[in-house]
Amino acid sequence: MGTVPPVTEEAGTPSLVFVREYGFPGNGDGQFYLPQDVYVSVMGDISTGLGNIFVCDTGNNRIERFDDNGSFSYQFGRFGADPGKFNSPVGIAVDFNYYIYAVDQENSRIQKLDIRGNPVASWGAYGSGSGQLMNPRGIALDTFGNIYVADAGNDRIQKFDSSGYPIGSYGGFGRGNGFFDNPQDVAVDRDKNLYVADTNNNLVQKLDELGRPLLSFGSTGNNNGEFYRPGGITVDDHYVYVSDSGNNRIEIFSRQGKFLSANGKKGVGPGDLNNPTGISVGRTGELYVADTNNHRIQKFKVVINR
Amino acid sequence: MWRIPIITASKNSKLSSIDRRVLIPLLILTVLFALNNIAAAFDAPSPESSPLLIKGSRIFTFISRSLEGSKEGYLPGNFRDESLRLTIAGKVSDTDINANFFETSSMGSTQISSNEEKISILLKRGSTEAYFGDFTANLDDTEFSKLDKVLSGIKLEGDYGRVSFKALASTPQGESKEIRMYGDGTQGPYYLGFKTVIDSERVYLNGALQKRGSDYDIDYDAGTVTFKNRTIQKTEIINVYYDYRTTTYQHSTYALRATALPRPELKLGLSFIDDSDQLNNAQNIYASASNESPRSHYILGADGRIDLGDLLTGKGEIAYSEINPDLLLANQPKQVGKAGNIELSSKLGPITIGSRYKRIGPAFESASTALPKQDLLDQGVSLTYLPNDIFSASGDYGYARFTQDGVRFENISRSGKLAVTPTRLPSLGYLFDEYEQSNDPIPPYAPVSRLITKNYYSLNHNLGKFIFSARTGQETWLDRSPSRESTIYRTNDLGLSTSGFENFATSLNLELKDSEFPGDQRSTTKTINYDLSATPSSQYSAFGSFNYTEDSRDGITNVTDLAYKASPLKIFNTDGKLTISSLKESFGITNESVIKDSGSFKLEFRPLPALRARYYFKPNFTVLSRTQMITYNNETHQYDINLIPLNNLVLGASTIRSLSFAADKTDLPDYRRRGQSLDGISSTYSIKAAPWNFMSIEFDQIVNDARGSSLITTSTPEAYQGNNSLAREFDGSIRTSLSERFAIDLAYSNKITKSGTTDSANDQADTQLLTGSFKGIFNPNDSWSFSLLYSFSKSVDFTLSPVQETYFSAPGAGFIYRYFDRLRVEGDYTFSRAVSGPIQDKSFLSLRGKYDLSDFIHVSLRYDREISSNPDYKTTDISGYVEINL
């Protein structure tokens, strides 16, 4: 998930190298309980220049912020339905104006907050109508501040303007050709193309900005280029990174859908994954993964093998 | 390592945005040149280089909206929005560049104009780095020559092994400050010391971040924080980080720090800081707006560190500060201050002896956050005994004397620690801490003879993949004068957590706290936190979280989360989550303890790849604990089924039933009476088919039916007014592509809306709207496309007598012209007229054009004109959009 997609190095075969991990099980500062999304903001803190990694600490109903060195900065949110509170925050994105957009899944809404977690606006309600949400999960922003939400329960991607007004809806139940089955995440590239983790179809679908299908890739399985319940997706100028949740790995593709590499295996050690979900790529080629069932965030470096 | 300085230029920054746009490339080029020269002196140049990647966009948007007459919801006015985004990245002459600039400005006749800029620039060549824009000056490795302000300007850093330097020149935007204080047994206000920059504060209570509005309020002008929910006890620590401004004069900061390692065991450093106001226009500012005088402030510092192994290690620092408090006056006496410190440590076998001495003269002033303690003498000794890896003991004695806010303090501290850490056995620890105070540390710093004594015992045991921890202790605050009284806090903590299990993780924390206050007042708090997650297989997982707090003063609060996922069969899966929370809730007149249950549950059945059936249940109700009555309910049941019987056919049906009610909150004391209720059903049936390649068909039937009641008479017997609403809508559409050149779309819609103030009446609304439309599209070639539109609608209002039927006829036409991918021009015109009843005409003309001058420049224009009679109005919208990409 991301706002303005960052830049990685020019073409080559990318792979991931483990850098560090954040957190362990618990509810203290810097600890996580089933985190489902991570977002690395293009810009850091206004006052200090640090702190641009945001984590949806889903099980603790809060958002935690870390600086570039992995040190805990602060947290906000707790269980509830009032503005600024969460009931299973599962998706997050931050725009250029330092506004945070959080998918508040069980409250069936999107919350817009300032950088310190003060509520600014919220929209959405349970249902299938325009602007309504059912089990929403991933969220992404394009360069103009439009918001795309993976409305998984309604098998669609909904598009909102930055104030939350619904301005489009793509998909519906089905397989391929712009139809989805429980899509868990969405990403937007610099050309405003959408990449959808079409989870139950074990596909990634690429749509243009009007929602017309361009291509799809993947199939069910655990071989290279295959998926089992992909739960997260992000994109930069060259590559599409897919959190292949059921296979406990991160797969990297070209933006044209060509398989490039698969990274990770199930486990608890450094670089191992256990139901990875949300995923975010930073502007200097660092990849953050919500390693959900290991209750941690892992940071990888995208290395280009020429 | 790349460090990204992140910057936001303030609106009152010295450089205008235009200046910045011009200066950024110039700055980059200038510093590239400088870096080449500086770094070349230390680094062997590398032949590596790559082209500079410059990306960005400039977007200009305008909207002009005018209105003659009156149209509901229409907002006339002029709006303008500009944004610029620029990224420069790559490597030039061995220098890595990563620069980002973003600017946006908005202006409108009905909105406040806003402007925002963000800049970050980093240049790096070898071991030399240059930052531009705003950054935190991190000259932080000394105590007296420290500089940690948020600055705007240039910073250079170089680290060449035995020699390193940092240099900066800047104009600060504000100054950062941290204040740390104890609670005083009240909610506040707690005084921060300065006017606070809006939105800059971060308030922590005992290390936990507080939220403005819900946890505390802040008065930015007065610089005070007041907690909203509870009093802050004397043992609790409040930390506030914030920015403030102190001077109205043009201000600049220059700093240079250099370090050298002449020998491996010796490090020397030298620092110079000039943090002064400028005399530009200072006379006028002083005369017109300020009681403050412009001042200069210089600091010169030297520091060193020596490491002779076990025999001796030490570090020391001396600093000299000079302040001219009024640059406008000649021969103004300067304020000269001195400070120094030294720490020495020596290891003699298992014994380590340490000593420290610090003296800050009364006139010394740091360039960083103002030192809260002036005229300080702080000295002490420490002793550590470490005979082996199992046993350790240490003790410390300290004496401090200082002035704070004009009050003289004298404190003595004594502490000791014992630790036994045997292998494979529990490790034990003991902490003793005693602190004598001459004054209360909370303003107004009343004289007091206070002795604070802490005794804590701890046990930690690592049992493979389990970690067990326990801690117990007592803290006593004994005030011996002016009156003798004591406060005792007893704390017991137990913790257990796992780590390293692939399929299981849990953590448990239990805290019991017992407090005795003067006057035989007591309070107890029990807190339990428990998290559990288990994933025995890929088919099953369960999660639970429990937070419980029982406070003898504030009552019980808790939140319990239970969640699961299960896929016992390939064709069946289910997941759910239930949250139970217990809290106090306002019922308008009374505050009540309530239990809230909310959650979601899903069952999904997929007997065939082409068939999916689902059931969702979302409960959400509130129980009044005192009566065990449900006072609020809002539950939703959803059933849906999707079937793909043929490759090109999708059938769907979905029904959502919503049940809700709420108690009448005037029904004291038990709130048993129902205030309002609603029972609604929403059903959607859809068919999507593509029987042939040239045709797609979609039919949707939507039915929303709701019935409810509202309390209208509270006296016995209560009376309720019923209400109902019904909306039935059928939509059908057929899209065809009869040939590459010719397409026809047909659509039909029939919508019936009824609502009434009783269960059965339709006295509020009873209407029908039938609409049929046709659209023919003809593409004579790849450049041109023409369309003809026609729609006919019938609107019936059954609530009027006689029943009113209105027919609308709306023909229209449109065209699209494309010139390759560069140019696209579109136009539509529709005219609708009521063919019965009163005259109602409406015409709508829309022209849209988009021109891509190149791959990098895009222009878009739009003109919309709407003319209506009955109601009478005319609107004209003109909007434009220019995007220039690099």
Side-chain angles (χ1 to χ4, degrees), chain A residues 4 7 10 24-29 31 33-34 42-50 52 59-61 68 74-76 78-81 84 87-88 96-97 106 114 116-118 126-128 134-135 143-144 153 155 172-175 179 181 190 246 266-268 274-275 283-284 293-295, chain B residues 2-8 53 57 87 89 98 100 102 116 118 120 134-136 150 176 199-200 202 207 209 211-214 243 497-502 505-507 529 531 533 535 538 541 543 545 547 559 561 577 579 581 598-600 612 616 618 636 642 644 650 652 654 656 684 688:
Chain A
V4 180
V7 177
E10 283 295 346
F24 58 90
N27 58 5
D29 288 350
Q31 298 176 3
Y33 177 54
L34 297 165
V42 173
M43 308 293 278
D45 186 86
I46 297 169
S47 59
T48 66
L50 295 174
N52 59 0
N60 288 320
N61 294 304
D68 297 334
Y74 58 82
Q75 55 157 298
F76 53 85
R78 57 195 168 98
F79 172 77
N87 190 352
S88 290
F96 258 117
N97 295 315
E106 291 291 321
D114 72 15
R116 298 179 193 279
N118 300 304
Y126 181 81
S128 304
M134 193 193 302
N135 285 343
T143 47
F144 296 99
D155 306 302
F173 178 72
R175 178 178 171 81
F179 291 97
D181 186 353
R190 205 180 284 281
K266 184 168 186 180
V268 297
N274 193 354
N275 188 29
R283 62 179 178 174
T284 53
N293 284 14
N294 281 331
H295 308 278
Chain B
W2 282 60
R3 285 187 291 179
I4 310 299
I6 302 304
I7 297 124
T8 300
L53 179 69
S57 62
T87 300
N98 196 315
N100 281 278
F102 179 77
E116 188 170 352
K118 301 180 181 74
S120 70
D134 305 343
F135 52 84
T136 300
V150 177
S176 300
D199 282 346
S200 69
R202 281 175 291 158
L209 184 67
K211 183 179 284 187
R212 184 173 65 223
S214 56
D243 297 341
S497 65
T498 62
S499 69
F501 286 104
E502 195 169 277
T506 187
S507 64
N529 293 304
D531 289 339
S533 67
T535 310
S538 59
S541 54
F543 316 98
S545 170
N547 298 285
V559 178
D561 267 351
K577 180 186 177 191
T579 304
S581 55
S598 63
S600 65
R612 183 182 74 178
Y616 286 93
K618 283 181 78 72
T636 304
N642 289 279
I644 309 177
V650 179
S654 172
I656 299 176
T684 304
K688 297 175 186 174

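Convention: sequence-line order gives letters A, B, ...; per-chain numbering from 1.
Counting heavy-atom pairs under 4.5 Å between each of A/Phe76, A/Tyr33, A/Phe79, A/Tyr126 and chain B puts A/Tyr33 at the top. Ranked by heavy-atom pairs under 4.5 Å with chain B, the first of A/Gly153, A/Gly80, A/Gly172, A/Ala81 is A/Gly153. When each of A/Gln75, A/Met134, A/Arg78, A/Arg175 is checked for heavy-atom pairs under 4.5 Å with chain B, A/Met134 comes out on top. Put simply, of B/Lys618, B/Lys211, B/Lys688, the one with the most heavy-atom pairs under 4.5 Å next to chain A is B/Lys618. Taking A/Asn294, A/Asp181, A/Asn60, A/Asn293 one by one and counting their heavy-atom pairs under 4.5 Å with chain B, the maximum is reached by A/Asp181. Between chain A and the options B/Thr579, B/Ile656, B/Ile644, B/Val650, heavy-atom pairs under 4.5 Å are most frequent for B/Thr579.
Proximity to chain B is absent for every atom of A/Asn275, based on heavy atoms less than 4.5 angstrom apart. Using a 4.5 Å cut-off between heavy atoms, A/Phe173 touches chain B through backbone and side chain atoms alike. Proximity to chain A (any heavy atom under 4.5 Å) is shown, for B/Thr684, by neither the backbone nor the side chain. No part of B/Ser538 comes within reach of chain A, as not one of its non-hydrogen atoms sits under 4.5 angstrom from that chain.
Residues A/Gly267 and B/Glu502 come closest through the heavy atom pair CA-OE1, 3.4 Å.
The line from OG of B/Ser214 to CG of A/Asn118 is 8.0 Å long, rounded to the nearest 0.5 Å. Taken to the nearest 0.5 Å, the CG atom of A/Leu34 stands 9.0 Å off from the OG atom of B/Ser545. With rounding to the nearest 0.5 angstrom, the OG atom of B/Ser598 is 7.5 Å from the CD atom of A/Glu106. Rounding to the nearest 0.5 angstrom, the gap separating the CZ atom in B/Arg212 from the CG atom in A/Asp114 is 7.0 Å.
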Full working for side-chain contact (heavy atoms from CB on, under 4.5 Å) between A/Gln31 and B/Asp531: CA-CA 12 Å; A/Gln31 298 176 3; B/Asp531 289 339; over 6 Å; no
Intermediate values then yes/no, side-chain contact (heavy atoms from CB on, under 4.5 Å), A/Ser88 and B/Lys577: CA-CA 10 Å; A/Ser88 290; B/Lys577 180 186 177 191; 2.6 Å; yes
